[in-house]
Amino acid sequence: MSKDVFILGWSQTDFARHWGREDKGLSAIMGAALEEVLEHARIPASAIQSAHVGNFMAELTNGQGQLGGVLASVDPALHGLPISRHEAACASGSMAVLAAMTEIEAGRYDCVLALGVEQERHLSGEQAAKHMAVAALAGEESEAATFCWPWMFEGLAGEYERRYGLNEAAMREIGKINFSNAKDNPRAQTRDWQFAEGSFDADDARNPLVEGRLRRNDCAGFTDGAAAVLLVSADKARELGADPETLPRILGWGHTTATLRQKDKLALSADEPLIFPHVAKAISDAQHRAGLPNTGLIDIIETHDCFTITEYMAIDHFGITAPGQSWQAIEDGRITRNGSIPINPGGGLMGQGHPVGATGIRMLADAARQVTGTAGAAQIEGVKRAQTLNLGGSATTIASFVVGY
């Protein structure tokens, strides 16, 4: 019989911190996240039985592979443990969580660490963009533009325009909301950023174009950081001194993978109501495994907003609006902190920053904070269930989790 999976502890480094300026690398970043998650869970490192690392491109950015060994070197108690590394572009952290969950559900281990990490800020923007392009189709999409991913997601914006029409002002409002939410988040990269009037408009001086119709403040920024969660079974929680009834539980999960090339994804959905049916399937799979019929019983959403168009897509794929009508939920305020279905109350990728391998786990940590009422100024009152949506590549690898009691 499959065991339930509880979140005993969680952590997130300060995403505004530039570790390269301190002459520190992946080991130090991972160590900071590990120290905090152990402190939060109130357990020693020796209680961990297995670990999984989510990371996208350490070989390119840091010249470093074998990240399981890097984690094992952070604390002597981790030496000799089974540790694996998982890569799925921006969904790498979520893949680590899925692997950790599987070990607990199967009864192989009862206390498993999932830790996501990325270091990017020591690189130039052009270097980082080139490295990140390896998640697109090599030799074709990866070489189509200097900044591959704004160009790729301009393609998604263009598909919305073609199929339904695109409300660009509503799309850009997503950036305004998420950057504003991040101001109250002590871990957010942009918490101290200032935006002049016109910074979220079609203003070529204050919000210049990057690719197509996507502008600077339609884009999440590179940053450094790590996030971690400690997952346990109910019996292990009791053994470690915690009451599982007081711990947030991963109620459901969804995981889908699409063909790599973006134009092939779009062609496959040409006759479908939604642009990415496989994204909606991951969302609904997580909900159904949690015993929920639809998004109506979800209280808040932590979604992937590497670009404003990505969250625009998520809104109708969650079923919050009809296909192509995401602008309605933006204009009527449903997705704000005071709305009926708040999205990214802590700032999302845009406001918090996007250390790629850490993002999926950061989302899960924020979901846990919300359902435990410990999200500080970002807290939404009465949250019982939170759902995440994490995308890798051009919506190639998709993962979603429902967290609650």
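As the structure is a prediction and not an experimental result, all values here were calculated from the model. Heavy atoms only: backbone and side chains are in, while hydrogens, waters and symmetry mates are out.
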Report, as yes or no, whether the 6.0 Å neighbourhood of atom [atom1] on [X] holds more than 12 heavy atoms from other residues, nucleotides or ligands.
X    : atom1 : answer
Q66  : CD    : no
E39  : CD    : no
E35  : CD    : no
K183 : NZ    : yes

Checking [Y] against [X]: is there a side-chain donor and acceptor pair closer than 3.5 Å?
X    : Y    : answer
Q12  : Q352 : yes
K176 : S199 : no
Q387 : S400 : yes
Q370 : D299 : no

Can [X] and [Y] be counted as an ion pair, charged N to O under 4.0 angstrom?
X    : Y    : answer
E22  : R17  : yes
K130 : E126 : no
R187 : D366 : no
D235 : K3   : no

Measure up the W193 and F195 rings against each other and bin them: parallel (under 30°), tilted (30 to 60°), perpendicular (over 60°). tilted
Which one of W149, Y312, F153, W151 satisfies the ring pair (Phe, Tyr, Trp, His ring centres under 6.0 Å) criterion with F307? F153
Is there a donor-acceptor pair closer than 3.5 Å between any side-chain N or O of D14 and the backbone N or O of A16? yes
Quick one: is the NZ or CZ of R121 closer than 6.0 Å to the six-membered ring centre of W19, and within 45° of its axis? no
Can you tell which of E103, M95, R85 makes a side chain to side chain contact (heavy atoms under 4.5 Å, CB included) with H52? E103
